[in-house]
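Each remark here refers to the structure printed beneath this line.
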Amino acid sequence: MAFNSSMAPSPKVPLLILIIALSWVMLMATSESNDERVSELLSLQSRSKSGVIRLNDQSLSRFLTSVKTPRPYSILLFFDAVQLHDKAELRLTDLRNEFSIVSSSFIANNIDNPSHTKLFFCDIEFKESQLSFSQFSVNALPHIRLVGPNHGFKDSEPMDQSDFSRLAESMADFVEAKTKLSVGPIHRPPVLSRNHLIIIGLAILIWLPFFIKKVLSGQTLLHDPRVWLAGSVFVYFFSVSGAMHNIIRKMPMFLVDRNDPSKLVFFYQGSGMQLGAEGFTVGFLYTVVGLLLAFMTHGLVKVSNVTVQRVIMIFALLVSFLAVKQVVHLDNWKTGYGIHGFWPSSWN
């Protein structure tokens, strides 16, 4: 019987089957590799109290460069340097703590969510990871960088320096904006731990009977008129010095002179800003006037010698006049508006 060439298998068919089989094997191998890395990251995360994973040059390369993109996870990386922790202006310790708070909050809010395995919070230290610092071109701290599923060293996204002012909240906003994952509410640790609260509660219970006894006998600080006097003076000074304005606006006490950095500016000319030193100066002058007025109306009237009364009153009025005059002069200089008395025309 003659051989029918049309019935013979085409050489393209085995080749196609081989390609499909190899692709399937490579896909399974890649998937298995990714699953292993995710499992390893979860294991490292569980060993950390805050969920922040400490990486170095070798481990960072394993989770980034040795995995084909796209990776099934993103890494938020905090760059740290122990030798710079003593520089208060960098606030590395505070920012590292805030980074830990965001990490623990994300884990707590997404523990039962698939998002839990899509973002990992990691940090690297300069002495342990100088190569990684160089690969990411990190030359200044603080620095936080997001390495997305498709990112490498060069195209990863850094967090703006201006965003560090809001600490954990700004870090969470950065994560949500870049990854579309929800961090959720920030869970800050309580100021006092459970043990501290127990100790304070026991101390209050022990001290309570003694306090009740002193209240009944009228021997507490609340029964001391000097405490009320000091509190009144403090409230008065706090009110007239603009201290609340300084606290709300976070105004500095002084500024450095732009023209001469060796000089400090305590009084800023212009009504748009008030330094802390200005408010305290005016508050002190007003407090002096208020105390003198209180002394004349409550203490001086009890002095029987009329001559002493007059001398003290003249002195108090003179000091009050000079204090108010200084306040008016400062207001004129600062705002540019003139305040003056209207004297009779015949006096001019």
Side-chain angles (χ1 to χ4, degrees), residues 44-45 47-61 63-64 75-107 119-147 153 156-175 178 183 186-193 195-196 243 246-266 275-277 280:
L44 294 172
Q45 184 185 81
R47 299 174 193 172
S48 173
K49 183 178 180 180
S50 62
V52 177
I53 303 170
R54 171 55 63 92
L55 300 178
N56 52 33
D57 288 335
Q58 291 73 27
S59 57
L60 186 62
S61 175
F63 293 118
L64 291 184
I75 289 180
L76 188 67
L77 201 56
F78 183 91
F79 293 81
D80 196 7
V82 175
Q83 66 267 29
L84 299 179
H85 281 187
D86 58 342
K87 294 187 177 296
E89 64 274 14
L90 297 179
R91 300 190 303 166
L92 283 179
T93 304
D94 294 338
L95 291 172
R96 177 60 175 76
N97 293 335
E98 293 292 311
F99 187 79
S100 300
I101 291 174
V102 180
S103 173
S104 59
S105 299
F106 174 81
I107 296 172
L119 176 65
F120 293 94
F121 292 77
C122 307
D123 67 347
I124 57 175
E125 205 279 325
F126 177 73
K127 290 184 178 180
E128 302 174 356
S129 312
Q130 296 187 29
L131 177 61
S132 298
F133 271 69
S134 175
Q135 289 175 316
F136 280 109
S137 302
V138 176
N139 300 316
L141 297 180
H143 192 94
I144 293 177
R145 187 176 288 263
L146 178 69
V147 186
F153 289 104
S156 55
E157 300 183 78
M159 183 175 169
D160 291 337
Q161 291 285 332
S162 59
D163 291 338
F164 287 107
S165 59
R166 293 178 51 239
L167 303 176
E169 286 71 17
S170 59
M171 297 178 192
D173 291 344
F174 173 73
V175 169
K178 298 300 182 181
V183 175
I186 302 298
H187 304 290
R188 295 186 179 276
V191 178
L192 298 176
S193 65
N195 293 335
H196 290 157
N246 296 335
I247 294 174
I248 295 175
R249 298 290 184 87
K250 297 181 179 180
M251 299 304 297
M253 290 295 295
F254 53 83
L255 296 175
V256 177
D257 193 341
R258 295 180 180 177
N259 299 324
D260 187 357
S262 62
K263 294 182 179 180
L264 300 178
V265 177
F266 293 92
L275 298 177
F280 286 154

Task: Where at least one partner belongs to residues 123-143, residue pairs that pass salt bridge (charged side-chain N to carboxylate O under 4.0 Å, His left out), sequence neighbours excluded - done: R54-D123, R54-E128, R96-D123

TODO: Please test R91 against L167 for side chain to side chain contact (heavy atoms under 4.5 Å, CB included), starting from the C-alpha separation and ending with a verdict.
DONE: CA-CA 10 Å; R91 300 190 303 166; L167 303 176; 4.1 Å; yes

Open item on the list: If you compare all heavy atoms of A172 against all heavy atoms of V183, which two are closest, and at what distance to 0.1 Å?
Closed with: O-CG2, 3.9 Å

Task: Minimum heavy-atom distance R188-A168, with the two atoms named - done: NH2-CB, 3.7 Å

Rounded to the nearest 0.5 Å, what separates atom [atom1] in [X] from atom [atom2] in [Y]?
{"X": "S100", "Y": "M171", "atom1": "OG", "atom2": "CE", "value": "9.0 Å"}
{"X": "L60", "Y": "I75", "atom1": "CG", "atom2": "CD1", "value": "6.5 Å"}
{"X": "F164", "Y": "D94", "atom1": "CZ", "atom2": "CG", "value": "13.0 Å"}
{"X": "E89", "Y": "L84", "atom1": "CD", "atom2": "CG", "value": "9.0 Å"}
{"X": "I124", "Y": "F133", "atom1": "CD1", "atom2": "CZ", "value": "5.0 Å"}
{"X": "I53", "Y": "F63", "atom1": "CD1", "atom2": "CZ", "value": "7.0 Å"}

All N/O donor-acceptor pairs, side-chain side in residues 137-146, below 3.5 Å, sequence neighbours left out:
from	atom 1	to	atom 2	distance (Å)
S137	OG	K154	NZ	3.4
H143	NE2	R145	NE	3.3
H143	NE2	R145	NH2	3.2
R145	NH1	S156	O	3.2
R145	NH1	S156	OG	3.1
R145	NH2	F136	O	3.4

TODO: Give a yes or no answer on whether the side chain of S61 reaches the backbone of D57 with a donor-acceptor pair at less than 3.5 Å.
DONE: no

- [ ] Using modelled atom types only, decide if a donor and an acceptor are shared between the side chain of S129 and the backbone of F126 within a distance under 3.5 Å.
- [x] no

TODO: With the side chain counted from C-beta on, respond yes when F106 and L119 share a heavy-atom pair under 4.5 Å apart, and no when they do not.
DONE: yes

Task: More than 12 heavy atoms from other groups under 6.0 Å of NE2 on H196 - done: no

Open item on the list: Whether the S59 and N56 side chains hold a donor-acceptor pair (N or O, under 3.5 Å, no angle test) is what I'd like checked.
Closed with: yes

Task: Residue list, salt bridge (Lys or Arg N to Asp or Glu O under 4.0 Å) with D173, at least two apart or on another chain - done: R166

Task: Among L76, D160, V102, side chain to side chain contact (heavy atoms under 4.5 Å, CB included) partner for F174 - done: L76

